[in-house]
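Here is the structure we will look at, set down as structure tokens.
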Amino acid sequence: MAVAVALVPRISSLLHWIAFLTLVLNLSFSVAVKHDNFKTCDQSGFCKRNRAFADAVAASSPPYLYQISPESATFANGQFQATVSKTIADGAIVQLPLNVTFLKSSLARVELDEERRRTGDIELRHGSEARKERYNESPAWALVGGLDVDVSAKLSEKGKKGVTTIQFGENQRFTAIIRHAPFSIDFQRDGDTQVMFNHRGFLNIEHWRQKVEKEESVEESVEKAAEKPGAEDESTWWEESFGGNTDTKPKGPESIALDISFPGFENVFGIPEHTGPLSLRQTRGGSQDDFTDPYRLYNSDVFEYELNSPMTLYGAIPFMQAHKKDSSVGVLWLNAAETWIDITKKKRSGRKLDTDTHWISESGILDVFIFLGPKPQDLTKALAVLTGNTQLPQQFSVGYHQCRWNYMSDEEVKEVDAKFDKHGIPYDVIWLDLEYTDDRKYFTWDMDKFQNPVAMHAQLDVTHRKVVTLIDPHIKNTANYPVVDELKKRDLTIKNKDGDTYEGWCWPGSSHWIDCFNPTARAWWTTLFKPDFWKYSTYNTYIWNDMNEPSVFNGPETTMPKDNLHHGNWEHRDVHNINGMTFVNATYHALLDRQPKKPHRPFTLTRSFYAGSQRLGAMWTGDNLAEWGHLEASLPMILSLNIAGFPNSGADVGGFFGTPSSELLTRWMQAGAFYPFFRAHAHIDTRRREPYVAGPPYTGIMTQAIRLRYQLLPVWYTAFHEASMDNSPILRPQYYVHPDDEAGFSMDDQFYVGSTGLLVKPVTKEGATSADVYFADDEVYYDYFDYTIYSKKGFKTVDAPLNKIPVFARGGHVIPRKDRPRRSSHLMQYDPITLMVVLDKAGNAEGSLYVDDGETFDYESGAQIFAKFVFDKESSSLTSQDIATTGSMTKSYRQEMSKVRVEKVIVIGAPSHWTDKKHITAEQDSKKFEAEMQFHPASGNKAAWAVVRDPGVSIAKDWKISFA
Ligand SMILES: *[C@@H]1O[C@H](CO)[C@@H](O)[C@H](O)[C@H]1NC(C)=O
Ligand SMILES: *[C@@H]1O[C@H](CO)[C@@H](O)[C@H](O)[C@H]1NC(C)=O
């Protein structure tokens, strides 16, 4: 939910507030993103300065020279250290300490800081208490490992002709070539240059300087800068105003910028969150289809956001990947301040297209990790080593979520719950938005509307359904509210620039914000979630953290002033993009702590995020619109998140604002059934649209889509398990699965689910009855529902009437399912498994199934089953072999799960010599069974298939089925 202030006519205080806002800020309430509320690069002083700097360099009048002081360079124990000196106007020198560190994780890391700020040898203006150093604590929040230094990195050339060359990585196949003057670094793999730093000379570290009081006005200074090529525009060095707010900048100009080039790479991906294509567009000097502003990362409440735009959204992962036929490489720009990224593509002599990027951050140190691939999987894995894996979610959260702003009473919740059952539609979670609280005070209930939360929970408990409630970081500033009293008394708030508790406006009106950078604040937050404090919450109440960018209705760009202060006296400017994650971290740990003896895995949903947030829960793409374009845009957005480290992602099904047609809602439900996080949500002013509302044929078709999600829950949960081991994407774009197929590199409207070979092309066009699907190889693909064969590489138009989702099974995979419709995922816990064995051209297949209790952390003690299935043509057999991590609980868990059987095996593309086969033999625990098999011959373009019923094996132990 967002700052759609105009659309909340219910609360009178808010109405006054709107009137006030309208008056003061002259806001107009049209239904579209308010562009004027958000800066362009031109309106963001440091972005503008760095673009101008780049232009000056390109016109060969570089204002500064950056070079390594030769006597400063040392190399020892896997680390190159030096001082980069920046020569400024009058020949004075600014010292910038440099580390290039080589890591066992095969990554290189470049850190560049500024000596004077580092040692605190600067003066702050306006008597500010802010920290003097450049912010260097992003790693503490974003990183969990991968920093062990590779001491076997080898110096092969030291300083000869001003070049230092170091070899590192596995078999030392990577090389860093550090040029001293001007300073630059090339990164190579097997002798080929893959990534270049400061190749174009855009490196710029804005050093600390004393403010010289000048007579001239801002306008004069801009004018002067414009007249003198290479001169700097000082107009935004010392303060900057936007939308009626002034940033006081006590530390003066302090931006950092660097150009990073990917020679020979035409496609770059990543840096979510943005709308627009997966393959990022040019942002300067491109064609008409390209952008003119850089991609921006500055977590903001951009409601009713626009499509196909480099504008910032709610979250930021500063990871970019470049891909070409035989190489995938990338960078992680570990900086939490406002960041802009320019992308340009150029054809240079003798090479393919090069992609050049220009990274610009407002403050902090320069800290960049370099990934040299060569495969897309190497990048995701290395990024996972650094920033961690997806939290293994509870099983329920992989099901369908029903949300609306708002279900207005406990009776309404019970009614919706009953209607789902009446229509035979499964769901797992019902959500309570803002209005369940007493006057927008979190940790309270509106007891007029929710008169009997206990009975409400009791009804949901029957089907093991859960409640997720909204808890936001703004705390209502009001009398008789113990939460805000304690917050202030304990001094756990975010402060304004003068060090006093910051006050701003959000849902409750006047509010204060908890500062979750502060460990004491996190510890206190934990106490609020205890059912003895928060009445009528239960252990089955889970949490939605919204508005955590943070959204501040009357703040600059709808967020907090940059000169606000956090724990440790860091300015908000330095930590802005991490702020949202600290709040979710506090909530995650609070949920863990509710049941210290046997915790259930927390479930949190966040809107704001940063690299590493995947460790804490799920995210969604914020306040989209009920329009076809938004359905279409959700796919590249979710794919981008998946490859950049945040697989557990989804978009509001149906669109938050506006009312979708029944057709749009149905198509969206079909697409949403393939989002890793599958939630329908709607604005308070929209018509009701639970899947049972639309009536025939829509309700029936939506029911089928949701049931398909539940049928494939074993696939989804197994994919989540994989993501929890190495953060593999759960939705995989074409290029990720077929890294050598150039035709698919920029494709972002179809995807694969985990490593199951399921290929999905959701229909996102109004009135469509067919879809153009791309098959990347000559492997055989089957229609998931009717086994129609597709065996030729290239595009194929397939039928896709409203009741059909184009889903295909690529040959060579075994897909586990649960075929019995139930009301919730918990009720499917012991249901039997169906295995869909999809043979490849050679007649083989492989797959896996991960199972645990879906709730607790017992899986860490071995309470899990991880079956690997192999169908081998040679021996005409299907085997299941356990590859689980075992532990103290393995035995008892297997015992419990021995009742879960394989009830059906369907072999698609079954060999014709099975025609007369009527039986198979199965083997488990050295017992043998015979079971019936039925063969269905190929007909037309539909594959032959065979079905084995009840082979008598349980999933808890290894088994073998012989078809010979
Ligand atoms: C360089 O690394 C050393 C540790 O080897 C660390 O003490 C120092 O702060 C680092 N310098 C920079 C500029 O990051
Ligand atoms: C998240 O919060 C917990 C509990 O306060 C703390 O132990 C942990 O260090 C925090 N995470 C990070 C990345 O700081």
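All of these numbers come straight from a predicted model, not from anything done at the bench. Counting convention: from 1, in listed order, for ligands and their atoms alike.
Using a 4.5 Å heavy-atom cutoff, the side chains of Lys251 and Asp574 are in contact.
Contacts of Ala140 with ligand 2, taken as heavy-atom pairs under 4.0 Å, involve the backbone alone.
Counted within 6.0 Å of CD on Glu129, heavy atoms from surrounding residues, nucleotides or ligands total 12 or fewer; the atom is thus considered open. Heavy-atom neighbours of Lys530 NZ from other residues, nucleotides or ligands within 6.0 Å: above the threshold of 12.
In this structure, Lys476 forms no cation-pi arrangement with Tyr481, as its terminal cationic atom is not both closer than 6.0 Å to the ring centre and no more than 45° off the ring axis.
The closest side-chain donor-acceptor pair between Asn577 and Thr339, if any, does not fall under 3.5 angstrom. With no hydrogens or angles considered, a side-chain donor-acceptor pair links His180 and Thr164 at under 3.5 Å.
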Output, or 'none' if empty, a list of ligand 1-protein atom pairs in which both atoms are N or O and the distance is under 3.5 Å, rounded to 0.1 Å.
from: ligand 1; atom 1: 2 (O); to: Gln79; atom 2: NE2; distance (Å): 3.1
from: ligand 1; atom 1: 2 (O); to: Asn99; atom 2: ND2; distance (Å): 2.3
from: ligand 1; atom 1: 5 (O); to: Gln79; atom 2: OE1; distance (Å): 2.7
from: ligand 1; atom 1: 9 (O); to: Arg118; atom 2: NH2; distance (Å): 2.7
from: ligand 1; atom 1: 11 (N); to: Asn99; atom 2: ND2; distance (Å): 2.9
from: ligand 1; atom 1: 14 (O); to: Asn99; atom 2: ND2; distance (Å): 3.4
from: ligand 1; atom 1: 14 (O); to: Glu111; atom 2: OE2; distance (Å): 3.4

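Residue contacts with ligand 2: Trp141 is placed with no nitrogen or oxygen under 3.5 Å of a nitrogen or oxygen of the ligand (distance criterion only). Below 3.5 Å of separation, one finds an N or O of Asn585 facing an N or O of ligand 2.
The ring of Phe443 has its center closer than 6.0 angstrom to the ring center of Trp525. Ring centroid separation for the pair Phe677 and Trp620 does not come in under the 6.0 Å cut-off.
No heavy atom of Pro519 sits closer than 4.0 Å to any atom of ligand 2.
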